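Provided herewith is a single structure, encoded as structure tokens, for subsequent inquiry.
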Amino acid sequence: MSDFAELHFGGEVYKLPVVEGTENEKALDISKLRGQSGLITIDPGYKNTGSTESAITFLDGEKGILRYRGYPIEQLAEKSSFLEVAYLIIYGELPNTEELKKWEREITYHTLIHEDFKVLLEGFPSNAHPMGVLSSCVTALTAFYPDSLDPVRSKNEVRISIVRLMAKLPTLASWAYKNEIGQPLLYPKNDMDYCSSFLRMMFATPAEDFKPDPVVVAALNTLLILHADHEQNCSTSTVRIVGSSHASLYASVSAGINALWGPLHGGANQAVIEMLEAIKADGGDADKYLAKAKDKDDPFRLMGFGHRVYKNFDPRARIIKKAADDVLGKLGVNDPILDIAKKLEEAALSDPYFVERKLYPNVDFYSGIIYRALGIPTNMFTVMFALGRLPGWIGQWKEMRENNEPIGRPRQVYTGYNERNYTDLSKR
Ligand code: ACO
């Protein structure tokens, strides 16, 4: 044991080994603590708990650093393609030309969805939220591909599930949208790149084709890269914990989609736009809403602000803010809510409440504004996030399986009644 911490409890001294990561992050290994001392640790929301050792994503919340497999997010966002980044996250290295071609070919080959999915989609009411539809469809993949559900015994089943998910999620996402607006479902076009084919499935109709603007395609590519992984966040931890029971990759990713949906996580991008719209409709008074966010008796929170890990700035938000300006400028879109967003950000960043609590704009503060400019409807924003986060969920699930991690099963401190006797109904 090279380095350790001592815990003094009940007259005994327990030595807790220190684990160190490649970026010198240190952690106490308490995995044997209960066996030795009877103690467990408690940490609601896992604010100070590392659930795993992972070699995929490094982030330093204080310095605003984010890297996938060692590569800075700024470089990947500028130079890479989403499928290239997906390969990097899932397989550990940037692909060479041959590997990238093969990866793109395989994904292109699997983009179609079984025709019976149409029956499934018809069963949803038209006002169903596309996130619920998407997660249901991903679960339904287990029924259509029973040949690839075994995450333990067959590497090939895992490999084909990875390709199918990467290939089919854009098709399913666009179908969830088309179903909602009552338009015919469109098929992918395999001579188009990943982002262009998705945009075409969203916006073309059998009556009129749609050729995505290269500015829009490039912006979507950047947004997907920025969302591709974020270490042990709520949805990724969900994917890992579901997968730890040896559930299939489809079942695990479907659980991740549901976890992402909540407004405190990926659902924030939709909530931000709804908030900005509400502020605009109410006269555009940013100060009034800042006051509401600070009032502890008011449940209102400034959506798109604050982050569990980033306490200085969110590097993704910086890239997105600049991209929002570029995209809106190039597309000639003049969105009044961008001005409200900027006013709100400026006011919050100089307000002691936000400064003291280190609350800064997160990735979702500006992403919704770009999605709007790209023509994506508001209730599809979190679906867009899911498309981006898919490689992260897959890579983290794969790492968890390859490390043969044990089933995720936290403990608790019980605070309920002590033993008591059953009382007959007549005596209650
Ligand atoms: N508006 C107003 N006050 C806030 C906000 C906010 N957006 N976020 C945090 N605070 C305050 C809390 O009230 C708390 O104040 P207190 O210390 O006086 O009680 C303090 O800041 C700390 O906040 P916590 O909720 O304890 O921080 P936690 O790490 O648990 O939550 C979270 C992080 C969920 C992101 C939170 O900041 C939030 O709800 N933000 C708005 C939703 C959002 O934008 N989510 C997207 C996150 S990014 C992503 O998932 C992709």
Side-chain angles (χ1 to χ4, degrees), residues 42-50 57 59 61-62 64 66 68 73 131 223-239 256-279 286-321 340-341 344-371 378 381-393 396:
I42 187 155
D43 180 21
Y46 312 118
K47 290 195 176 196
N48 199 47
T49 295
T57 289
L59 73 84
E62 274 70 36
L66 174 61
Y68 302 154
I73 190 66
M131 281 297 274
L223 283 164
L224 296 184
I225 291 174
L226 293 177
H227 285 89
D229 192 45
H230 213 235
E231 50 117 299
Q232 309 312 316
N233 56 83
C234 174
S235 57
T236 302
S237 299
T238 301
V239 169
I257 294 172
N258 284 321
L260 186 74
W261 191 359
L264 298 193
H265 189 17
N269 55 14
Q270 176 175 342
V272 168
I273 295 296
E274 286 164 356
M275 174 188 79
L276 294 173
E277 286 285 12
I279 297 176
D287 290 336
K288 177 175 165 188
Y289 283 84
L290 277 191
K292 271 166 78 62
K294 294 191 284 185
D295 180 356
K296 292 288 167 201
D297 295 325
D298 189 328
F300 177 80
R301 276 195 166 197
L302 206 53
M303 299 314 287
F305 260 76
H307 197 275
R308 171 61 60 79
V309 184
Y310 292 121
K311 300 297 175 196
N312 193 346
F313 66 91
D314 180 340
R316 302 166 301 172
R318 281 202 173 165
I319 300 171
I320 287 190
K321 185 179 179 185
I340 297 181
L344 208 56
E345 178 186 354
E346 213 175 275
L349 292 183
S350 58
D351 186 301
Y353 174 97
F354 290 89
V355 175
E356 278 159 23
R357 288 169 181 74
K358 299 183 187 259
L359 302 171
Y360 296 88
N362 59 48
V363 67
D364 285 328
F365 194 64
Y366 286 105
S367 65
I369 293 175
I370 305 191
Y371 287 137
T378 312
F381 289 0
T382 316
V383 169
M384 304 305 295
F385 193 153
L387 289 183
R389 184 53 53 86
L390 182 63
W393 290 333
Q396 300 270 353

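Reckoned from all heavy atoms, side chains included, excluding hydrogens, waters and symmetry mates. Predicted model, so just to flag it, every value in this text is computed and none were measured. For this chain, numbers begin at 1 and follow the sequence in order. As the structure lists them, so they are numbered: ligands from 1, and atoms in each ligand from 1.
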| Atoms in ligand 1 with a heavy atom of Ala293 nearer than 4.0 Å | 2 (C)
| Are more than 12 heavy atoms from other residues, nucleotides or ligands located less than 6.0 Å from atom OH of Tyr46? | no
| field | Residue portion contacting ligand 1 (non-hydrogen atoms closer than 4.0 Å) for Leu264 | value | both
| task | Number the atoms of ligand 1 from 1 as they appear, then name those within less than 4.0 Å of a heavy atom of Ala268, with their elements. | result | 43 (C), 44 (O), 45 (N), 46 (C)
| said: Using a 3.5 Å distance criterion without hydrogens, assess whether the side chain of Tyr68 forms a donor-acceptor pair with backbone atoms of Ala228. | reply: yes
| query | Can a non-hydrogen atom of Gly45 be found less than 4.0 Å from any atom of ligand 1? | reply | no
| Nearest-neighbour protein heavy atom for atom 11 (C) of ligand 1, which is reported as residue plus atom name and distance | Tyr353 OH, 3.5 Å
| query | So which protein heavy atom does atom 19 (O) of ligand 1 come closest to, and at what separation? | reply | Lys296 NZ, 3.6 Å
| Quick one: which ligand 1 atoms are inside 4.0 Å of a heavy atom on Phe385? | 51 (C)
| request: Could you tell me whether Asp364 approaches ligand 1 through its side chain, its backbone, both or neither, with non-hydrogen atoms closer than 4.0 Å? | output: side chain
| message | For atom 26 (O) of ligand 1, what's the nearest protein heavy-atom neighbour? Residue, atom name and distance, please. | response | Lys47 NZ, 3.2 Å
| query | Nearest protein heavy-atom contact for atom 50 (O) of ligand 1: which residue, which atom, what distance? | reply | His265 ND1, 2.9 Å
| field | atom 40 (N) of ligand 1: the protein heavy-atom neighbour that sits closest, reported with distance to 0.1 Å | value | Phe305 O, 2.9 Å
| Nearest-neighbour protein heavy atom for atom 42 (C) of ligand 1, which is reported as residue plus atom name and distance | Met303 CE, 3.4 Å
| note | re atom 23 (O) of ligand 1, the protein heavy-atom contact at minimum distance is Arg301 NH2, 4.2 Å
| query | With Ile320, which of Asp314, Asn362, Leu226 fulfils side chain to side chain contact (heavy atoms under 4.5 Å, CB included)? | reply | Leu226
| Flag if over 12 foreign heavy atoms under 6.0 Å of CD, Glu346 | no
| field | Numbered atoms and elements of ligand 1 in range of Gly304, under 4.0 angstrom, heavy atoms | value | 43 (C), 44 (O)
| Starting from atom 5 (C) of ligand 1, which protein heavy atom do you reach first, and at what distance in Å? | Leu359 CD1, 3.9 Å
| If you count the non-hydrogen atoms of other residues, nucleotides and ligands that lie under 6.0 Å from CG in Asn48, is the total more than 12? | no
| query | Hey, does Phe300 sit under 4.0 Å from ligand 1 if you only count heavy atoms? | reply | no
| How does Arg308 reach ligand 1, if at all, at less than 4.0 Å between non-hydrogen atoms: by side chain, backbone, both, or neither? | both
| query | Can you tell me if Thr238 uses its side chain to pair, donor with acceptor, with the backbone of Cys234 under 3.5 Å? | reply | yes
